Amino acid sequence: MIFPSLVIQGTAFHTPERGRIDVIENGAIAVAPDGTIETVLHPEAGEYQALIDAAGSRGVLMRLDPESYLIPGLIDLHIHAPQWPQLGKALDAPLEEWLQTYTFPLEAKFADLEFARVVYDDLVRTLLAHGTTTAVYFGSVDFQANVILAQTCLRHGQRALVGKVAMDHVDQCPDYYRDESAVSALEETRRFIETVRQMKQGDHPLVRPAITPRFIPSCTDTLLQSLGALAAQTGCHVQTHCSESDWEVAHVRERLGQTDAEALDGFGLLTDRTILAHSNYITGSDMRLLANRGSAVAHCPLSNAYFANAVFPVRDALDKGVDVGLGTDISGGFSPSIFDAVRCALVASRHACSGTDPLLTPDDRGTASEPLSAADSFWLATAGGGRSLSSPIGLFRSGYHFDALCIRSNSPQSAFRVNASLDSPVDVFEKLVLTSDRSCIEHVWVDGKRRVLEGEVVAKP
Ligand SMILES: [Zn+2]
């Protein structure tokens, strides 16, 4: 047996099932040289002390400070990488104006590869520093800028899916920013998949390509059909937007006479590797279709407050068997932090359940379902995201990739306070989920390797 390359001793939190917190108090997590978790031991385990002693003598033991905690790395299922420079800008504009006046001109600038290099380097480093160990990126239409984004993720060691955005519809896309034709969009997508798959990566590729039709309105039927066929040929992930807003749902209904989910299924785009952003307006039968196909939803609660006109019925979708994780939707949302997405999901769910109109009676005001708990929302950001990607990430379990964060309490920069005489382990977990931010994140590991803020790989703990 090859000895672990890293053993971390300390207290860890994760959520093996939705809503259930597992506290591993003063545990030992052994990471194999290939970056996967070899074993997770509680102190009562027979081999515990021998592992700690051997790791200590080999110089691979990392003891967490008693005020620090280990959690799985955060998974962001929906990011528009080229919108990073406009984070927090113009969010009061209606969607159509936001896209045409701000977003499309900005995304078109990524044909300038030096601009792309600078922006993407900053984006990937910033997201890692915020604890995003896995990122699912929409790129831009321009082929080469997407290659730069994939290379940037590899260089900084962020697990990622990257997609070249395909959009060819002349009525919905500006002349200066669209694929020339359905054929050229398909060929560029195919070339991008091959390019990423040929990048020099280890045994478990960190960065993978995704087929990325922007959304139904911006693509012709011919393009959507051919990308569905490409998904079947290549086994690639698929990402797109689904049933996001009143306007978009009505547009698809008028053009195709179907819901988004039904139409995407008809085009062959609903697979067990599909991630659908938003999906606020999916019906009960859409939910059953997604569950049957194994397709997942990227719930983006902050962005939905601006552009979706409704709250995604997250608990209903989960209860119907749909895989759901969280997304920031940079820059439809103004925060790059999945901790903020966790909290926005909680707030949105509480508003939906209690209702928002004080003139109505309590019985008529909200939906009948239960709001999310802190443990539910944390599960979405970790294990739920991993399930959505069909990847062994988001949990501390043997065979899973060791993607993790070390979170420090009681630092002067943050509000995450722990008082040993007042707080039970579950209290500490809830405080961590509700009050942590970037300033609490001491260390970030992806695939067993520690990443520092500047994105350098440090070989040893
Ligand atoms: Zn989006």
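Just so we're clear, the structure is a prediction, and the values are computed from it rather than from any experiment. Atoms within each ligand, like the ligands themselves, are counted from 1 in listed order.
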**Asked** Would you say the side chains of His78 and His299 form a donor-acceptor pair under 3.5 Å?
**Response** no
**Request:** Indicate whether the side chain of Asp168 and that of Thr220 have a donor and an acceptor atom separated by less than 3.5 Å.
**Result:**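 Asp168 vs Thr220: donor-acceptor pair found between side chains.
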**Message:** the Zn ion (ligand 1) and His278: any N/O/S contact shorter than 2.8 Å?
**Reply:** no
**Asked** Do any of the N/O/S atoms of Cys300, backbone or side chain, fall under 2.8 Å from the Zn ion (ligand 1)?
**Response** no
**Message:** Apply ring-ring contact (aromatic ring centres under 6.0 Å, His included) to residues Tyr120 and His156 and explain how you reach the verdict.
**Reply:** CA-CA 11 Å; Tyr120 287 159; His156 292 306; over 10 Å; no
**Prompt:** Rounded to 10 degrees, what angle sits at the Zn ion (ligand 1) between His241 NE2 and His78 NE2?
**Reply:** 100°
**Item:** the Zn ion (ligand 1) to Asp329: nearest N/O/S atom name
**Value:** OD1
**Prompt:** So which N/O/S atom does His80 have closest to the Zn ion (ligand 1)?
**Reply:**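 Restricting His80 to its N, O and S atoms, the minimum distance to the Zn ion (ligand 1) goes to NE2.
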**Asked** Taking atom NE2 of His169 as the centre, does the number of heavy atoms from other residues, nucleotides or ligands within less than 6.0 Å exceed 12?
**Response** yes
**Request:** Give the C-alpha distance, both sets of side-chain angles, the deciding distance and a yes or no for salt bridge (Lys or Arg N to Asp or Glu O under 4.0 Å) between Glu442 and Arg450.
**Result:** CA-CA 11 Å; Glu442 280 192 308; Arg450 197 170 86 181; over 6 Å; no
